Amino acid sequence: MKVVIGQGSCGIASGAKKTEAEFQKQIKDKKLTGVTLSKAGCIGTCFLEPIVDVYNDDGTLEARYVKVQPDKVEAIVEKHLVGGKVDEDDVIAPEDAEILTHQNRIVLRNCGIINPEHIEEYIATDGYKAAEKVLTQMTPMEVIEEIKVSGLRGRGGAGFPTWFKWKSARGSEGNEKYIVCNADEGDPGAFMDRSVLEGDPHSVLEGMIIGGYAIGAIEGIIYCRAEYPLAIERLEIALSQAREKGFLGEKIFGTDWDFDIRIKAGAGAFVCGEETALIASLEGERGMPRLKPPFPAQKGYWQKPTNINNVETFANVPWIIRNGGEAFAVYGTDESNGTKVFALAGKIKKGGLVEVPMGLTLNDVIFKTGGGIKNDREFKAVQMGGPSGGCIPSSLIDTPVSYEDITKTGAIVGSGGMIVMDETTCMVDMARYFLDFTRRESCGKCTYCRVGTKRMLEILERICNGEGREGDIELLEELANKVRDGAMCGLGQTAPNPVLTTIRYFRNEYEDHIYNHKCTAKSCKALISYHITDACRGCTLCARNCPVKAISGTAKEKHTIDQSLCIKCGKCAESCKFGAIEIE
């Protein structure tokens, strides 16, 4: 019998290490010699962590336990590992288990199932067979053609055809070429790449081997942000194991081709997600974009032909080679083939990772797969594409999730982050938040991005502080268009998207802030006030919780709030048991 504990970053943050320690103690104390402990990455249902799977000796999953804190371990051990019966109290609910069965998992095929630190478990899933097939049975152009048939587009943002990038690098002159994995995942709310690297690092290495062979590379580099220490640790283990097996290094898979991969830890600059800025960082320079053309496929790392794809793109490649490009193209739409991994975050009931076919509607992803909105509030909008994306309103909930359809809304698919918002979210403040992020992350190289985003942010801050002026909306639109048209790289060109989409779909909220000095979502502190209603029972709980003593009154009588002292922290409303405090 094997016990597998989910130990991706989400699982560890939820207490998986303590759960593992308690299992070790219980197994030792009860002398269960036939039980082994193992680990896995995140299976995607982050809201259920720590997750514990129990497999019988033939590898069949007997039970999946969820939210397993140390105090639950002894009961599971007694009932299941000793008694042979599933502990029904902590097993996953049927409606939560359906989240996984309704997905089409290609990129996430092994995440949460295999031990990412044991190459033998990856090999047991036919791991590295695709690389062996490519190196021993296929020409580079046959590999590129198979990727072309699949219709795989880059999963890092722009959705550029993968085969075309590979063919361009292959056709560039020079014997010294490089293939780079962009793992500099910097979007707030996005954690797809991190989870794949933590849960199935060998799939990325195998995809890079195949891509490297296709373009004729001499070396592969994984550019991973240093804020992902667990991902880097497991990548280093995977690289070492792959070298020991002869899958990396000299004459790999018994061929005459020498190829190895190394890791470069980035300093967390969002702009280094842009490929030319990433290359500059690899070369030891400050991460700043370069003018294109020439494109990296012609002159990239050290001015040599270079191909760059992200983690998810490479993780698809071994599956495509093993199963054929047509099998991948079955999923998705005519122009957006395959599946896509999305990170569901924000005001959603079942946050985590899901992998679904491209073309599924936002409604299906958010409500059927993600379980809908927390506390059954009203769905308001979803931010897609990170800081460079845009806000899609509830009126467009039936929009198919494809590159073309999402772009029509003013947002982008991006790397796959979905931040869900309900009616308590202020769209003006949301635009301010994302613009503040891109302004901070601007490399400062071009004036439109460096100065334009700062001026736009200043206007948004004024509006959120109740100091908006007539003409501010029009000025924001004018600046946004100039930044979009004048910035040099993708970060600056797309930075205005959150502002433009919120004005486009939620202009009334901007007008309320400016002309009525009112925040529709009752979120901006400068535009709201707390009042105690006649429902007050005089329990004094609000007064006791007020950090600035702004609430006064005698017991069992209605209390009042001194507006001159109130800092609008909301502690009073949170503590009131009678719903007697309202926000105006």
Side-chain angles (χ1 to χ4, degrees), residues 6 8-11 13-14 41-49 51 64 66-67 92-109 111-112 155 185 187-196 199 312 331-332 336 338-386 389-402 405-406 409 411-425 427 430:
S9 289
C10 54
S14 299
C42 171
I43 201 164
T45 51
C46 304
F47 67 102
L48 297 175
E49 294 287 358
I51 296 173
R64 171 162 289 149
V66 298
K67 299 181 180 180
I92 188 170
E95 61 270 23
D96 292 332
E98 287 179 2
I99 293 174
L100 295 170
T101 58
H102 288 165
Q103 296 180 44
N104 299 97
R105 294 166 71 89
I106 294 176
V107 172
L108 303 180
R109 58 192 178 274
C111 292
R155 296 303 196 237
E185 186 176 52
D187 293 6
F191 46 94
M192 299 76 61
D193 291 355
R194 186 198 72 204
S195 293
V196 173
E312 187 180 341
Y331 299 106
S336 296
T339 62
K340 180 74 186 76
V341 181
F342 292 101
L344 301 180
K347 305 296 181 65
I348 194 163
K349 287 181 179 178
K350 299 176 181 180
L353 291 180
V354 299
E355 185 174 0
V356 296
M358 296 287 279
L360 212 64
T361 66
L362 286 170
N363 184 65
D364 287 334
V365 176
I366 294 171
F367 284 90
K368 291 185 180 180
T369 308
I373 311 304
K374 278 184 180 178
N375 303 317
D376 294 318
R377 292 183 182 273
E378 182 182 347
F379 169 67
K380 186 173 187 177
V382 58
Q383 168 78 8
M384 284 196 66
C391 295
I392 304 173
S394 58
S395 60
L396 298 178
I397 188 66
D398 291 321
T399 300
V401 181
S402 67
D405 290 298
I406 294 299
T409 69
I412 58 174
V413 172
S415 57
M418 284 192 183
I419 300 179
V420 179
M421 293 164 272
D422 63 19
E423 75 266 26
T424 65
T425 304
M427 304 310 295
M430 180 60 65

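Computed from a predicted structure; not experimentally measured.
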Review point. Would a 4.5 Å heavy-atom cut-off, applied to side chains only, mark Thr424 and Lys347 as touching?
Key: yes
Check your understanding: Closest heavy-atom contact between Ser402 and Ser336?
Key -> CB-OG, 3.5 Å
Review point. Is a side-chain donor or acceptor of Glu185 paired with a backbone partner of Asp193 at a separation under 3.5 angstrom?
Key: yes
Review point. Hey, are the side chains of Leu48 and Arg64 touching, using non-hydrogen atoms and a 4.5 Å cut-off?
Key: no
Review point. Between Val196 and Leu108, does a side-chain contact (heavy atoms from CB on, under 4.5 Å) hold up when you go through it step by step?
Key: CA-CA 7 Å; Val196 173; Leu108 303 180; 4.0 Å; yes
Check your understanding: Which atom names give the shortest non-hydrogen contact between Gly414 and Lys340, and what distance separates them?
Key -> O-CE, 4.1 Å
Check your understanding: Mind checking whether Val382 and Ile366 have side chains closer than 4.5 Å, heavy atoms only?
Key -> yes
Study note, to complete from the structure: Closest non-hydrogen atoms of Gly385 and Asp187, given as atom of the first, atom of the second and distance, are O-OD2, 3.7 Å
Check your understanding: Is a side-chain N or O of Glu423 found less than 3.5 angstrom from the main chain of Glu378, in a donor-acceptor match?
Key -> yes
Review point. For Cys46 and Gly352, which heavy atoms make the closest approach, and how far apart are they?
Key: SG-CA, 3.6 Å
Check your understanding: Can you tell me how far CG of Leu344 sits from CD1 of Ile419, rounded to the nearest 0.5 angstrom?
Key -> 11.0 Å
Review point. Between Ser195 and Phe191, is there a donor-acceptor pair closer than 3.5 Å when you use the side chain of the first and the backbone of the second?
Key: yes
Review point. Under 3.5 Å, is there a donor-acceptor pair between the side chain of Arg194 and the main chain of Gly8?
Key: no
Point to revise | Worked check of side-chain contact (heavy atoms from CB on, under 4.5 Å) between Ile373 and Val420 | key: CA-CA 8 Å; Ile373 311 304; Val420 179; 3.5 Å; yes
Exercise for review: Starting at OG1 of Thr369, measure out to CD of Glu98 and round the result to the nearest 0.5 Å.
Suggested key: 11.0 Å
Check your understanding: Quick one: does Glu312's side chain have a donor or acceptor within less than 3.5 Å of a partner on Met192's backbone?
Key -> no
Check your understanding: Going by an N to O cut-off under 4.0 Å, is there a salt bridge joining Asp422 and Lys374?
Key -> no
Practice item. Look at the side chain of Asn375 and the backbone N and O of Arg377, then say whether any donor-acceptor pair between them is shorter than 3.5 Å. Key: no
Review point. Is any side-chain heavy atom of Val354 closer than 4.5 Å to a side-chain heavy atom of His102?
Key: no
Revision key, fill the gap. Interatomic distance, NZ@Lys368 vs OG1@Thr361, rounded to 0.5 Å, equals 7.0 Å
Practice item. With the side chain counted from C-beta on, respond yes when Phe47 and Ile99 share a heavy-atom pair under 4.5 Å apart, and no when they do not. Key: yes
Practice item. Tell me, yes or no, whether the heavy-atom count around Lys67 atom NZ, taken from other residues, nucleotides or ligands under 6.0 Å, exceeds 12. Key: no
Check your understanding: Would you say the side chain of Ile106 lies within less than 4.5 Å of the side chain of Glu355, judging by non-hydrogen atoms?
Key -> yes
Review point. So do the side chains of Met384 and Thr409 get within less than 4.5 Å of each other, counting heavy atoms only?
Key: no
Practice item. Take Asp96 and Thr45 through the test side-chain contact (heavy atoms from CB on, under 4.5 Å) and record every step on the way to the result. Key: CA-CA 8 Å; Asp96 292 332; Thr45 51; over 6 Å; no
**Study point:** Lys380 versus Thr425, closest heavy-atom pair with distance
**Key:** NZ-O, 2.7 Å
Check your understanding: When rounded to the nearest 0.5 angstrom, what is the spacing between CG in Asp398 and CG in Asp405?
Key -> 11.5 Å
Revision key, fill the gap. Minimal heavy-atom distance between Cys42 and Cys10, with the atoms involved, is SG-SG, 3.5 Å
Review point. Does any non-hydrogen side-chain atom of Ile92 lie less than 4.5 Å from one of Ile51?
Key: no
Review point. Could you go step by step and tell me if Thr399 and Leu362 meet the side-chain contact (heavy atoms from CB on, under 4.5 Å) rule?
Key: CA-CA 6 Å; Thr399 300; Leu362 286 170; 4.2 Å; yes
Revision key, fill the gap. To the nearest 0.5 Å, atom CE of Met418 lies from atom CD1 of Ile348 at 8.5 Å
Review point. Taking atom CD1 of Ile43 and atom CD of Glu49, what is their separation to the nearest 0.5 Å?
Key: 9.0 Å
